[in-house]
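Okay, structure first, notes after.
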2 protein chains.
Amino acid sequence: MTVSRSATAGGAKARKEAGETATGEGAALQMGELSELLGYVLKRAQLRVFEDFLRCVAPLQLTPAQFSVLLLLDRNPGRNQTEIASTLGILRPNFVAMLDGLESRDLCTRTRSANDRRSHNLVLTDKGKAVLARAKRLVATKHEARLNELLGPESRATLLSMLTRIAREF
Amino acid sequence: MTVSRSATAGGAKARKEAGETATGEGAALQMGELSELLGYVLKRAQLRVFEDFLRCVAPLQLTPAQFSVLLLLDRNPGRNQTEIASTLGILRPNFVAMLDGLESRDLCTRTRSANDRRSHNLVLTDKGKAVLARAKRLVATKHEARLNELLGPESRATLLSMLTRIAREF
DNA sequence: TATTGTTATACTCTATAACTATA
DNA sequence: TATAGTTATAGAGTATAACAATA
């Protein structure tokens with residue numbers, strides 16, 4: 001029930017060539033208040049950015065969510081599933097299959113904790129670290145570089161700080 | 001495979017009180033490069049904004065996507081499903097059930113076009129117009145008002161224009 | 001032959017309840 | 001009893017193929 005991929009103007013091609021003079025009939029639709037709705041524009045921008053992320057990191061077959069998990073494991077080795085998942089806003093049940101995927105690709109490991117045998121210590125494997133390093137490079141040189149090109153470094157910083165405020169304080 | 005609802009620091013509560021001195025063990029996780037990843041912050045901000053939108057418009061039971069359809073129908077009466085859906089980035093097959101929902105609530109009508117009996121002319125009903133008017137009021141006075149309060153009008157405009165650039169040109 | 005609306009279908013993401021093994 | 005990981009399941013959202021009616 002939301003927005004999806006492509007869509008800028010749409011249709012208006014199958015308009016009768018007997019079109020009604022100059023009233024603008026058959027033209028692109030009026031977006032109206034939609035282009036002023038922050039939520040709408042935010043959603044479209046987010047879809048574009050994720051789309052580009054996927055394209056840039058395609059050689060490594062990593063989704064944005066998987067990349068975020070690898071980043072977090074690298075910075076916080078030995079944490080358990082509940083901690084990693086909740087930090088990323090992923091529900092524990094949904095994190096299981098996600099970890100299964102990463103572990104089966106030998107990017108990270110689960111090992112039962114000695115202190116508390118209920119929980120798993122999560123750590124990146126050497127391969128996981130290597131893949132993460134390559135992913136970071138692709139993100140920096142292709143993905144974020146394109147954004148910097150579009151916005152410029154100052155605007156990009158401004159955008160980031162405003163979005164961070166919304167994510168934290170709104 | 002993405003971010004979801006709440007999550008700011010997470011866990012770190014079930015830490016042994018035999019905690020490891022002052023090394024920061026048991027503390028909140030390090031977000032690392034994540035807080036600099038535009039896509040990540042963008043996604044979180046978008047989720048927050050949609051969440052607030054739903055809350056503000058809850059009395060009218062409208063999702064952001066439904067609201068965007070009503071807005072578009074109001075500005076572009078008589079257009080067909082393909083045109084409305086594609087403008088919003090909704091795939092035609094998925095737009096069917098969505099319209100069914102709006103039509104069954106008597107917010108809009110489908111009527112076979114006289115020119116091309118394959119297509120449906122979509123228009124808001126009087127009730128649809130009334131609901132849209134009330135929704136616009138709630139969005140303006142509660143939702144967007146909160147955003148203005150957080151960012152201030154100038155920053156909000158800046159943010160909107162940067163997001164629009166990304167949505168259009170990225 | 002092409003297009004509109006539609007159905008069927010599948011895959012991903014998100015969400016909740018409940019189980020097991022540990023604590 | 002409470003918590004960690006897990007399973008099962010259900011619901012949105014998104015995607016593609018194909019069909020009937022119409023052009």
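Per chain, numbering begins at 1; letters A, B, ... match sequence-line order. What you are looking at is a predicted structure, and each value in this text was computed from that prediction instead of being measured.
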**OP:** Enter the inter-axis angle for the ends of the helix from C/dT1-D/dA23 to C/dA23-D/dT1 (five pairs per end, rounded to 10°).
**Re:** 10°
Give the rounded distance in Å between these two atoms: [atom1] of [X] and [atom2] of [N].
{"X": "A/Asn80", "N": "C/dT22", "atom1": "CG", "atom2": "P", "answer": "16 Å"}
{"X": "A/Lys43", "N": "D/dA12", "atom1": "NZ", "atom2": "C1'", "answer": "11 Å"}
{"X": "B/Phe50", "N": "D/dA12", "atom1": "CZ", "atom2": "P", "answer": "16 Å"}
{"X": "A/Ile90", "N": "D/dT6", "atom1": "CD1", "atom2": "P", "answer": "14 Å"}
{"X": "B/Arg92", "N": "D/dA15", "atom1": "CZ", "atom2": "C1'", "answer": "11 Å"}
{"X": "B/Leu122", "N": "C/dT4", "atom1": "CG", "atom2": "C1'", "answer": "12 Å"}
{"X": "A/Gln81", "N": "C/dT22", "atom1": "CD", "atom2": "P", "answer": "15 Å"}
{"X": "B/Gln66", "N": "D/dA12", "atom1": "CD", "atom2": "C1'", "answer": "12 Å"}

Original post:
Toward the 5' end of DNA chain D, which comes first, B/Ser113 or A/Arg118, by nearest nucleotide?
Top reply: A/Arg118
Original post:
Closest nucleotide of DNA chain D for A/Ser119 versus for A/Pro93: which of these residues is on the 5' side?
Top reply: A/Ser119
Original post:
Looking at the side chain of A/Asp116, which of C/dT6, C/dA15, C/dA23 is the nearest nucleotide?
Top reply: C/dA23
**OP:** Report the nucleotide, chosen from C/dT6, D/dT7, C/dA15, that has the shortest atom-to-atom distance to any side-chain atom of A/Val96.
**Re:** D/dT7
Original post:
For A/Gln61, what residues pass the side-chain contact (heavy atoms from CB on, under 4.5 Å) criterion, not counting sequence neighbours?
Top reply: A/Arg105
Original post:
A/Val41: what forms a side-chain contact (heavy atoms from CB on, under 4.5 Å) with it, not counting sequence neighbours?
Top reply: B/Leu160, B/Leu163, B/Thr164
Subject >> Under the side-chain hydrogen bond (donor to acceptor under 3.5 Å, both in side chains) test, residues paired with A/Arg55 that sit two or more places apart >> reply: A/Asp52
**OP:** State whether A/Arg117 places a side-chain N or O below 4.0 Å from either non-bridging phosphate oxygen (OP1 or OP2) of C/dT20.
**Re:** no
Original post:
Mind checking whether B/Ile166 and A/Leu147 have side chains closer than 4.5 Å, heavy atoms only?
Top reply: yes
Original post:
Are the aromatic ring centres of B/Phe67 and B/Phe53 under 6.0 angstrom apart?
Top reply: yes
Subject >> Residues which pass salt bridge (Lys or Arg N to Asp or Glu O under 4.0 Å) with B/Arg117, listed by chain and number, not counting sequence neighbours >> reply: none
Identify every side-chain donor-acceptor pair in residues 128-141 of chain A under 3.5 Å, counting partners at least two apart or on other chains, and give the distances.
unit_1: A/Lys136; atom_1: NZ; unit_2: B/Glu33; atom_2: OE2; d: 2.6
unit_1: A/Thr141; atom_1: OG1; unit_2: A/Arg137; atom_2: O; d: 2.8

Original post:
For the base of C/dA15, is there a side-chain donor-acceptor partner from A/Asn94 under 3.5 Å away?
Top reply: yes
